[in-house]
Protein chains: 2
Amino acid sequence: MPGRRKWQCRFRENVSRWTVPREVILDLLSRTSKHMSTKDIYASLTSLYPGIGLTTVYRTLELMHRLGFVQKVTAHDGQRRYELKDEGKRNHHHHLICNGCGDIIDYRDFVQEELEFIKKAGEVLTAKHSFLIQDHNIEFLGICEKCRATTRNSE
Amino acid sequence: MPGRRKWQCRFRENVSRWTVPREVILDLLSRTSKHMSTKDIYASLTSLYPGIGLTTVYRTLELMHRLGFVQKVTAHDGQRRYELKDEGKRNHHHHLICNGCGDIIDYRDFVQEELEFIKKAGEVLTAKHSFLIQDHNIEFLGICEKCRATTRNSE
DNA sequence: CTGTGTGCAAAGCATTTGCACTATG
DNA sequence: CATAGTGCAAATGCTTTGCACACAG
């Protein structure tokens with residue numbers, strides 16, 4: 001519940017109500033560092049708040065995505081995944097996605113270089129394509145440590 | 001049909017047969033610069049090759065993805081999209097994705113800076129996470145020119 | 001010939017929608 | 001109280017599977 005009041009305000013600012021399902025979902029997301037699918041979230045929540053409906057989870061996540069509170073994570077597994085958006089630059093990160101097991105690993109390295117690159121890219125793209133950049137996404141695909149050990153060259 | 005023989009070999013190398021559906025799909029992909037969904041591809045193909053089945057399109061695209069011939073494009077619209085993988089650095093590009101209309105715009109700018117950034121990132125990540133990097137993906141999200149003109153601050 | 005690839009129809013699942021009901025502000 | 005939000009069940013729509021047949025090598 002830390003920051004509950006802050007969230008409450010952020011919802012209000014956006015003509016949205018502060019409800020129990022929203023609080024529970026937000027609370028769960030703020031406690032985990034993982035990229036949860038809608039189903040995951042729903043499953044984790046049923047114990048804490050048995051009455052919640054899957055539909056509500058879907059709608060809440062989409063709402064929070066539209067409001068910019070959460071980020072969709074690209075998982076090529078046919079499920080939508082979300083994570084709370086980074087607060088400031090301290091927690092900014094990107095993903096390593098394993099082509100073997102589908103695992104998603106966070107990394108927070110070389111942030112400075114990235115910022116410079118992104119900044120420059122943003123300027124060029126905005127100028128050239130009249131595109132208003134709101135966000136960016138960088139991901140590396142490959143094989144994680146575990147899979148490298150296990151798999152030799154199967155599948 | 002340019003490069004048909006090359007593709008034929010690439011399939012053979014991978015213990016896969018060179019068939020009419022595969023040729024037609026590959027041909028279509030090499031003619032377009034767009035990010036086509038499986039349905040798009042299927043639809044475009046029915047005129048050229050009426051007998052083709054949706055299932056075959058799905059299977060062929062997944063096969064070509066596994067073989068590294070095509071790239072999955074992140075579209076947050078619940079449809080799988082593919083594009084032929086870039087040949088060499090000349091055609092390397094990334095995407096601008098419009099949060100308004102969902103359009104995907106290619107850009108090929110500041111490739112040099114990107115390569116440097118990616119290279120450095122790759123080294124660090126490989127060392128730190130024992131992750132074998134095979135590919136990367138960079139995308140910018142925002143509002144495209146059209147949507148900026150149309151929408152003021154609705155939805 | 002042998003086994004990979006294809007098409008079709010039937011599942012499988014994640015996500016969305018319609019609607020009556022509840023609870024926030 | 002007015003209306004945004006919720007839950008359920010039904011409907012969508014993309015993707016996968018099972019199977020008999022076709023065709024590449």
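Note that these values count all heavy atoms, side chains included, but never hydrogens, waters or copies made by symmetry.
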Which heavy atom of B/R22 sits nearest to which heavy atom of B/S16, and what is that distance? NH1-CB, 3.7 Å

Shortest non-hydrogen contact between B/K128 and A/D109, atoms and distance: NZ-OD1, 2.6 Å

Show me the side-chain donor-acceptor pairs of residues 43-59 of chain A shorter than 3.5 Å, one per line, residues at least two apart or across chains.
| residue | atom | partner | partner atom | Å |
| --- | --- | --- | --- | --- |
| A/S44 | OG | A/D40 | O | 3.0 |
| A/T46 | OG1 | A/A43 | O | 2.8 |
| A/S47 | OG | A/S44 | O | 3.3 |

In sequence, state the C-alpha distance, the side-chain angles, and the governing distance for A/L61 and A/H65, and then conclude on side-chain contact (heavy atoms from CB on, under 4.5 Å). CA-CA 6 Å; A/L61 288 167; A/H65 177 251; over 6 Å; no

Five-pair end axes of the helix from C/dC1-D/dG25 to C/dG25-D/dC1, angle between them (10°): 50°

Determine the contact category for B/R22: base if any of its heavy atoms lies under 4.0 Å from a base atom, sugar-phosphate if only primed atoms, P, OP1 or OP2 are that close, otherwise nothing. sugar-phosphate

Measure across A/F117 and B/E113 and return the closest heavy-atom pair with its distance rounded to 0.1 Å. CE1-C, 4.2 Å

Start with the C-alpha gap between B/I25 and B/Y82, add the side-chain angles, then the distance that decides, and say whether side-chain contact (heavy atoms from CB on, under 4.5 Å) holds. CA-CA 11 Å; B/I25 291 172; B/Y82 299 88; over 6 Å; no

Could you check how far CD of A/E23 sits from C1' of C/dG25, rounded to whole Å? 16 Å

Earliest and latest nucleotide of DNA chain D, 5' to 3', sitting under 4.0 Å from a non-hydrogen atom of chain B? D/dC14 to D/dG25

Contact list please: residues 9-17 of chain A against DNA chain D, heavy atoms, distance less than 4.0 Å, in numerical order. A/S16, A/R17

In terms of hydrophobic clustering (I, L, V, M, F, W, Y; side-chain heavy atoms under 4.5 Å; direct or indirect links), are A/V124 and A/L132 co-clustered? no

Ignoring hydrogens, what is the shortest heavy-atom contact between A/C144 and A/C98? Give both atom names and the distance. N-SG, 3.3 Å

Within this structure, what is the NZ-CD1 distance for the pair B/K34 and B/I104, rounded to the nearest 0.5 Å? 7.5 Å

Less than 4.0 angstrom between a side-chain N/O of B/T19 and OP1 or OP2 of C/dT6, yes or no? yes

Taking every non-hydrogen atom, the tightest pair across A/K72 and A/N137: O-ND2, 4.5 Å

Nucleotide by nucleotide, nucleotides 11-16 of chain C touches protein heavy atoms under 4.0 Å in the pattern (B base, S sugar-phosphate only, - none) ---SBB

Under 4.0 Å between any heavy atoms, over every strand shown, what does B/Y49 touch: base, sugar-phosphate, or nothing? Just pick one. sugar-phosphate

dist A/H136:NE2 -> A/L125:CG (nearest 0.5 Å) comes out at 12.5 Å

Would A/I41 and A/L29 satisfy side-chain contact (heavy atoms from CB on, under 4.5 Å), going step by step from the backbone distance to the final call? CA-CA 8 Å; A/I41 295 172; A/L29 285 181; 4.0 Å; yes

Under the rule for ring pair (Phe, Tyr, Trp, His ring centres under 6.0 Å), what residues qualify as partners of A/H35, not counting sequence neighbours? A/H95

